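Note sheet for the following structure.
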Amino acid sequence: MNLSMEYISALLPSLLGGMAETLKLFLMTLLFSLPLGLPIALGSISRFWPVKALCKLYVWLFRGTPLMLQLFFFYYGLGIIANDSGMLFLRLDRFPAVILTYTLNYAAYFAEIYRAGIQSIDRGQYEAAKTLGFTRGQTMSKIIIPQTIRRIIPPVSNETITLVKDTALANVIAVSELLKVAKDASNRDTNTTAYMLAAVGYLMITFLLTMLYRQLEKRFSRHEQEAVA
Amino acid sequence: MSAIIEMSNIVKRFAGGPALDDVTLHVKTGEQVAIIGSSGSGKSTLLRCANHLEAIDSGRIAINGQALAETDAAGKVRYKSDAVIRSLIMQTGMVFQHFNLFGHLTCMENITIAPIQIKKEPEEVVRARAADLLRVVGLEHKAGAYPAQLSGGQKQRVAIARALAMRPSILLFDEPTSALDPEVTGEVLRVIRELAAQGYTMVLVTHEMGFAREVADRVIFMDQAKIVEEGAPEQIFESPKSDRLKAFLNAVL
């Protein structure tokens with residue numbers, strides 16, 4: 001390991017570039033997968049069986065196969081299909097392929113978290129809403145989902161921290177995220193400093209996320225706190 | 001006097017057997033009806049069928065003269081459209097055993113959300129009414145509190161105010177004090193007594209025999225999915241006719 005200031009500052013620009021790429025992957029995946037999980041969750045508790053079956057199948061597929069396999073499929077696999085069929089629009093660049101794969105994959109996990117959260121709400125809440133004239137849609141949007149949010153913050157935060165680390169998987173299709181940059185530097189200079197610095201980078205991101213979620217949890221649990229007599 | 005709730009020849013089956021076996025209950029404007037009976041006699045189920053929390057298997061239900069469900073010639077129950085059902089059950093106010101307050105809303109918001117968002121009444125009007133109702137149930141100082149910050153008795157009083165805010169033509173109480181500690185039962189009964197004295201139409205499913213006798217002008221005794229006996233409180237409690245009612249009163253009094 002070389003911990004001299006000169007070496008570290010020579011590595012920093014490319015590592016920071018990798019970190020920016022990692023953050024971009026992370027944030028864009030969250031941006032798309034957090035909302036996408038909701039219709040899948042609602043679908044998997046739907047009373048209309050085809051919708052329910054479809055959503056369950058979706059979750060099974062994306063949770064039941066390795067993320068890396070899905071990444072290969074959407075990058076290499078779709079490329080092959082595009083060439084064979086002539087439907088060239090199916091060929092995705094590295095970055096969109098990663099975003100698509102991660103979004104679809106994480107939406108499945110988020111859907112399961114949302115579903116469990118929604119189903120943990122007491123039946124009496126639905127009954128009270130019904131006697132007050134709420135439609136099923138109004139009951140979900142105004143009564144059930146707002147109460148679900150507080151309960152799902154811990155599992156969602158857990159899942160997003162996993163996502164930070166899963167972004168490193170994108171290096172297998174040569175996306176220049178933090179781990180890829182560190183690996184290249186380490187191979188080139190034959191020392192481990194870049195790995196150490198990358199580890200610090202990941203720890204910083206997960207630390208900030210942990211703080212953020214702690215704040216959110218506090219904010220959303222206001223109504224569950226007992227009175228201070 | 002017109003009937004607010006008409007339930008005729010109601011049959012309701014659960015997996016284990018009949019929950020309601022040809023039960024008829026009509027409640028007129030201004031009447032206070034108490035339903036008593038042991039657990040599993042069908043009294044809560046009867047109440048929950050009135051506002052479609054449970055579906056019936058046969059019979060007819062009408063609220064304020066409008067049919068909610070009818071049985072056709074072939075013996076099949078026909079419920080009205082969702083919109084009609086909704087508009088009818090909004091005319092009944094329900095108070096649950098376990099309060100079912102909305103945990104993410106303050107007391108004030110619990111009371112105002114349905115009149116504002118569902119009935120589309122003007123916000124200022126609803127807020128003023130909610131403040132009045134909180135005064136009626138003695139909780140004006142808890143307007144901004146969340147349900148988790150209230151005692152059971154306070155929660156149930158907010159739940160009563162929430163039901164009243166919809167200006168229902170009848171109040172349905174489903175064992176409103178059964179989940180409460182004995183020391184706070186009185187504060188809830190006091191509110192219900194007050195409403196009865198003001199002439200609110202109500203149906204009260206209860207295990208509080210003394211209270212049923214005091215506030216009701218008609219008492220219904222149910223046993224094994226049927227109405228066994230009904231009449232004025234004095235008649236039911238002082239000169240019961242059926243052996244089942246006698247046995248029940250012996251056991252609970």
Side-chain angles (χ1 to χ4, degrees), chain A residues 34 38 41-42 45-48 51 113-157 213 215-229, chain B residues 47-48 50-54 82-83 85-107 109-121 141-142 144-151 154-155 158-159 162-166 168 170-172 174 179:
Chain A
L34 280 173
L38 187 58
L42 293 175
I45 54 173
S46 165
R47 293 179 195 154
F48 186 53
V51 170
I113 292 173
Y114 298 166
R115 183 191 58 74
I118 290 169
Q119 289 183 328
S120 76
I121 304 288
D122 183 67
R123 196 170 61 115
Q125 297 286 304
Y126 292 88
E127 293 190 345
K130 180 172 176 178
T131 60
L132 291 167
F134 286 77
T135 63
R136 200 170 153 73
Q138 288 167 329
T139 303
M140 289 312 286
S141 66
K142 295 181 199 300
I143 305 297
I144 305 301
I145 291 174
Q147 296 188 73
T148 305
I149 291 176
R150 152 77 184 86
R151 297 191 188 181
I152 61 171
I153 290 175
V156 165
S157 80
Y213 282 119
Q215 284 307 312
L216 274 180
E217 213 172 315
K218 221 181 267 175
R219 216 183 100 87
F220 278 96
S221 60
R222 232 178 333 180
H223 64 267
E224 289 190 359
Q225 283 155 11
E226 307 270 327
V228 216
Chain B
L47 202 65
R48 292 167 56 82
N51 57 11
H52 194 36
L53 290 175
E54 307 277 356
D82 284 356
I85 292 175
R86 214 176 310 122
S87 80
L88 290 177
I89 63 183
M90 276 162 72
Q91 297 167 32
T92 70
M94 182 83 166
V95 176
F96 298 88
Q97 182 179 350
H98 295 287
F99 333 124
N100 299 344
L101 290 178
F102 303 133
H104 61 306
L105 303 177
T106 63
C107 295
E109 290 163 341
N110 262 283
I111 298 170
T112 58
I113 184 170
I116 292 174
Q117 306 225 15
I118 309 299
K119 286 179 86 180
K120 308 283 182 205
E121 291 186 69
H141 57 296
K142 293 289 185 186
Y146 287 97
Q149 300 164 332
L150 303 179
S151 71
Q154 291 173 329
K155 283 184 203 168
V158 173
R162 178 176 69 176
L164 287 169
M166 293 292 277
I170 186 167
L171 285 170
L172 308 174
D174 187 8

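Since the structure is predicted, the reported quantities are computational estimates derived from the model, not experimental observations.
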Give a yes or no answer on whether the side chain of Arg151(A) reaches the backbone of Ser120(A) with a donor-acceptor pair at less than 3.5 Å.
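Yes, because the side chain of Arg151(A) sits within donor-acceptor range (under 3.5 Å) of the backbone of Ser120(A).
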
Can you check whether Lys142(A)'s main-chain N or O pairs, donor with acceptor, with His104(B)'s side chain at less than 3.5 Å?
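Yes; at least one donor-acceptor contact below 3.5 Å.
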
Tell me, for Ile89(B) versus chain A, whether the close heavy atoms (under 4.5 Å) come from the side chain, the backbone, both or neither.
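Both backbone and side chain.
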
Top of [options] for chain A proximity - count of heavy-atom pairs under 4.5 angstrom:
{"options": "Gln97(B), Gln117(B), Lys119(B)", "answer": "Gln117(B)"}
{"options": "Arg48(B), Met166(B), Met94(B)", "answer": "Arg48(B)"}
{"options": "Leu101(B), Thr106(B), Asn51(B)", "answer": "Leu101(B)"}

Under a 4.5 Å heavy-atom cut-off, does chain B meet the side chain of Arg123(A), its backbone, both or neither?
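Contact with chain B involves the side chain of Arg123(A) alone.
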
To the closest 0.5 Å, what do you measure between OG1 (Thr148(A)) and CD (Gln125(A))?
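One gets 10.0 Å once the value is rounded to the nearest 0.5 Å.
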
Once rounded to the nearest 0.5 Å, what's the spacing between atom OG1 of Thr131(A) and atom OH of Tyr126(A)?
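OH of Tyr126(A) is found 15.0 Å from OG1 of Thr131(A).
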
Within 45 degrees of the ring normal and closer than 6.0 Å to the centroid, is that where the cationic atom of Arg162(B) sits relative to Phe102(B)?
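The answer is yes; both the distance and angle limits are met.
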
